[in-house]
Amino acid sequence: MKAAILPSIMVRFLLIGLVVATSIPTAFAGNSGKSGMTSLGKVMTNDHYQAFLINNVFNYYCNNGSGSFNKLSIDNNGFEFPKGSGKHTTFQDGLFWGGYHKGRSTAKVGGAYYQYGLQAGKIIVQGTATTNPVAGDASSPRYRIYRVRPYVNPLTPFDPTMEATLQDEEVALLARYESVNAKVIYDQYIEDWMEWPAADGAPFTDVDGDGVYSPLSDIPGVPGADQTLWYVANDMDSSRVAIFSGSPSIGLEVQKTIWGYRRAGDLGNTIFAATKIINKSGAPVDSMYIGFVADPDLGDAEDDYSACDTTRDLSYVFNAGTVDYVYGTAVPAVGFLLLQGPLVQGSPADSGWMGMKLRRGFRNIRPSSEIMISHGTAEYR
C-alpha cells in the first residue's frame with residue numbers, strides 16, 4: 001500500500017482462526033528459541049508482552065510491534081488456536097513501512113517482524129525541518145501494554161466468584177508461560193482500568209458525555225469489545241531502527257489497538273487489530289509504502305499453501321491435504337483481511353474511513369500486491 005505523505009494514518013486488519021476446512025481463519029510462523037517464565041508482578045515496560053485470550057484464540061502481543069510471537073514458550077509459536085490446545089497457526093506478524101523523508105536520496109524503513117524497530121512510549125516533542133522529535137521515557141510504567149475487560153472493573157470486587165472466573169479463564173492459560181495467580185491478574189486489570197491512557201489516544205466509551213475519560217463512570221477499550229489491548233510506541237531508538245539496513249529513524253508514533261469478542265461463530269475465532277501511525281517528524285514522508293507481514297505455520301509448517309483473494313483484500317493460508325501432522329483432520333485455515341487501508345486525498349465524490357469516522361474527499365487505499373516467500377523463493381501476486 002502506498003501513501004503520498006504521512007500526517008496520520010490508520011490501518012485495520014481482521015485476523016481469523018476457524019477449525020472449519022471450508023472457512024478462512026488466521027496464521028503465522030517462524031524460528032525457535034528458549035525462554036523462561038516471567039512474572040506479571042514485575043512488568044518491564046519496554047518489550048512488554050501481554051496476552052489476548054478472551055475468545056477461542058490465545059495470542060501474545062508486544063509493544064515493540066511484535067504480534068503472534070510468544071517469547072515465553074520453548075518454540076516461540078504465538079497464535080494458538082483453539083486456545084489451550086497447544087496447536088498454532090502463526091509464528092509471528094508485524095507491520096513495516098518505508099518512504100522518502102527529508103530528501104529523496106535514500107528511503108527510510110522501519111517497523112517490526114523478526115526484528116523490532118519500535119520502543120515503548122509516545123513522541124512528546126514534535127520535530128521540525130531541522131530538529132528531531134523527542135520520545136518519552138521507554139522505561140516509564142505509563143507506556144506498558146494496557147489490557148481491559150468490561151466485566152473486571154473497579155465496581156466488581158475480588159470475591160470467590162471473580163477468583164474462580166479468572167482462575168478458569170486466564171490463570172490456566174497464562175500459567176503455562178508466566179508465574180501468575182487470579183489476584184495478580186485482577187489487580188492488573190483494575191490498575192489498567194484506572195490508568196487507561198485515553199489522553200494518549202486509547203479508545204473508550206464516554207458514558208458521562210464530558211469528553212474526558214473518567215474511570216468510575218466511563219468504559220475503557222473498544223466500545224462493545226470483550227477484551228482490548230492498547231499500547232503506544234515510536235521509532236526514535238536509532239539502535240533499533242538501524243537493524244533495517246542501517247536506516248535512521250523517521251519520527252513516527254505508533255498506536256496499536258487489539259480487540260475481540262466472546263461470541264459463537266466466526267467472531268469468536270477472530271482478532272481485530274488497528275494501527276494508527278502519526279508522523280511527528282516535522283516533515284512529510286513521501287511515496288510511503290506500508291506492508292503487513294506474517295509467517296504462518298498452520299500446524300505442520302511443511303504442508304501449507306498460500307493464496308490471495310483480491311476481491312476481498314484477503315490473504316490466507318490453508319493445508320495442502322486433508323490431514324495435518326499437528327491438527328489431524330480438523331485443520332483450520334488462517335486469513336488476514338484488510339478492513340481499512342491508509343487514508344489519502346481523493347476526489348470530492350470520494351469518502352473514506354479514519355478510525356470510526358467517515359471523511360469526505362478522501363479514500364482508503366486497497367492492497368497493491370502480495371508476496372509469498374517459501375524457503376527463500378519469492379512469488380509475487
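For the residue pair Val222 and Thr257, the shortest heavy atom distance occurs at CG2-CG2, 3.6 Å. The nearest pair of heavy atoms linking His101 to Ser281 is NE2-OG, 2.9 Å. When all heavy atoms of Asn63 and Ile145 are compared, the closest pair comes out as N-CD1, 3.6 Å. In plain terms, the two heavy atoms of Trp353 and Asn364 that are nearest each other are N-OD1, 2.8 Å. In terms of heavy-atom proximity, Thr45 sits nearest to Arg144 at CG2-N, 3.5 Å. Annotation for Trp193 and Val152: closest pair CE3-O, 3.7 Å, computed over non-hydrogen atoms.
Pro332 places a side-chain heavy atom less than 4.5 Å from the side chain of Thr89. Taking 4.5 Å as the limit, every side-chain heavy atom of Arg366 sits out of range of all side-chain heavy atoms of Leu338. Side chains of Met194 and Ile190 form a contact here, defined as non-hydrogen atoms less than 4.5 Å apart. In this structure, the side chains of Gln255 and Ile278 come closer than 4.5 Å at one or more pairs of heavy atoms. Looking at heavy atoms from C-beta onward, Ile271 lies in side-chain contact with Phe79 at the 4.5 angstrom threshold. Counting only heavy atoms from C-beta outward, the side chains of Pro220 and Thr228 never approach each other to under 4.5 Å. Between Phe362 and Gln345 the shortest side-chain heavy-atom distance falls below 4.5 Å. Looking only at side-chain heavy atoms (C-beta outward), Arg360 and Ser351 come within less than 4.5 Å of each other.
The salt bridge (Lys or Arg N to Asp or Glu O under 4.0 Å) contacts involving residues 233-245 comprise Asp47-Arg240, Asp237-Arg240, where partners must be two or more places apart or lie in separate chains. Listed by first and then second residue, the salt bridge (Lys or Arg N to Asp or Glu O under 4.0 Å) pairs involving residues 164-175 are Arg147-Glu170, Arg149-Glu169, Arg149-Glu170, Glu169-Arg262 (not counting sequence neighbours). Contacts classified as ring-ring contact (aromatic ring centres under 6.0 Å, His included) and involving residues 119-170 (residues at least two apart or in different chains) are given here: Phe158-Tyr186.
Evaluation of the side-chain hydrogen bond (donor to acceptor under 3.5 Å, both in side chains) rule for Asn234 yields Gln119 as partners, not counting sequence neighbours. Listed by chain and residue number, Asp200 satisfy the salt bridge (charged side-chain N to carboxylate O under 4.0 Å, His left out) test with Arg142 (two or more places apart in sequence, or in another chain). Under the side-chain hydrogen bond (donor to acceptor under 3.5 Å, both in side chains) criterion, Thr161 pairs with no residue, sequence neighbours left out. Legend: residues meeting side-chain hydrogen bond (donor to acceptor under 3.5 Å, both in side chains) with Ser245, ordered by chain and number and at least two apart, are absent. Listed by chain and residue number, Tyr213 satisfy the ring-ring contact (aromatic ring centres under 6.0 Å, His included) test with Phe204 (two or more places apart in sequence, or in another chain). When the salt bridge (charged side-chain N to carboxylate O under 4.0 Å, His left out) test is applied to Asp304, no partner is found at least two apart in sequence or on another chain. Applying the salt bridge (charged side-chain N to carboxylate O under 4.0 Å, His left out) test to Asp324 and every residue at least two apart in sequence or in another chain returns nothing. In this view, Tyr100 satisfies the ring-ring contact (aromatic ring centres under 6.0 Å, His included) rule with no residue, not counting sequence neighbours.
Considering CD of Glu80 and CG of Asn70, their distance stands at 9.0 Å, rounded to 0.5 Å. Between Ser315 atom OG and Leu337 atom CG the span is 10.5 Å, to the nearest 0.5 Å. For the atom pair CD1 (Ile219) and CG (Asn153), the distance works out to 8.5 Å, reported to the nearest 0.5 Å. To the nearest 0.5 Å, atoms SG (Cys62) and NZ (Lys256) are separated by 12.0 Å. Here the straight-line distance linking atom CE of Met288 with atom NZ of Lys108 works out to 11.5 Å at 0.5 Å rounding. Distance CD/Gln340 to OG1/Thr275: 11.0 Å, rounded to 0.5 Å.
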>> Under the criterion side chain to side chain contact (heavy atoms under 4.5 Å, CB included), I'd like the reasoning laid out for Ile277 against Leu95: C-alpha separation, chi angles, the key distance, then a yes or no.
In response: CA-CA 11 Å; Ile277 305 174; Leu95 207 65; 4.2 Å; yes
>> Walk me through whether Asp297 and His88 qualify under side chain to side chain contact (heavy atoms under 4.5 Å, CB included).
In response: CA-CA 7 Å; Asp297 286 340; His88 303 87; over 6 Å; no
>> Run Phe58 and Tyr60 through ring pair (Phe, Tyr, Trp, His ring centres under 6.0 Å) and show every step you take.
In response: CA-CA 7 Å; Phe58 180 89; Tyr60 272 102; 5.4 Å; yes
> Would Val171 and Ile185 count as a side chain to side chain contact (heavy atoms under 4.5 Å, CB included) if you check the C-alpha gap in whole Å, the side-chain angles of each, and the deciding distance to 0.1 Å?
Replying inline: CA-CA 8 Å; Val171 175; Ile185 293 173; 3.7 Å; yes
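Criterion: ILVMFWY side-chain heavy atoms under 4.5 Å apart, direct or through other members. Under it, Phe96 and Tyr113 are part of a common hydrophobic cluster. A single hydrophobic cluster is not seen to contain both Val109 and Val285; linkage of ILVMFWY side chains at heavy-atom distances under 4.5 Å, directly or through other members, places them apart.
The aromatic ring centroids of Phe292 and Phe336 lie less than 6.0 Å from each other. For an aromatic pair to be called close, the ring centres must be under 6.0 Å apart, and Tyr325 with Tyr327 fails this.
Aromatic ring orientation, Tyr49 versus Phe69: tilted (interplanar angle from 30° to 60°).
Hydrophobic cluster membership for Ile123: Met236 (Ile, Leu, Val, Met, Phe, Trp, Tyr linked by side-chain heavy atoms under 4.5 Å, directly or transitively).
Side-chain atoms of Asn55 do not come within 3.5 Å of backbone N or O of Arg263 as any donor-acceptor pair.
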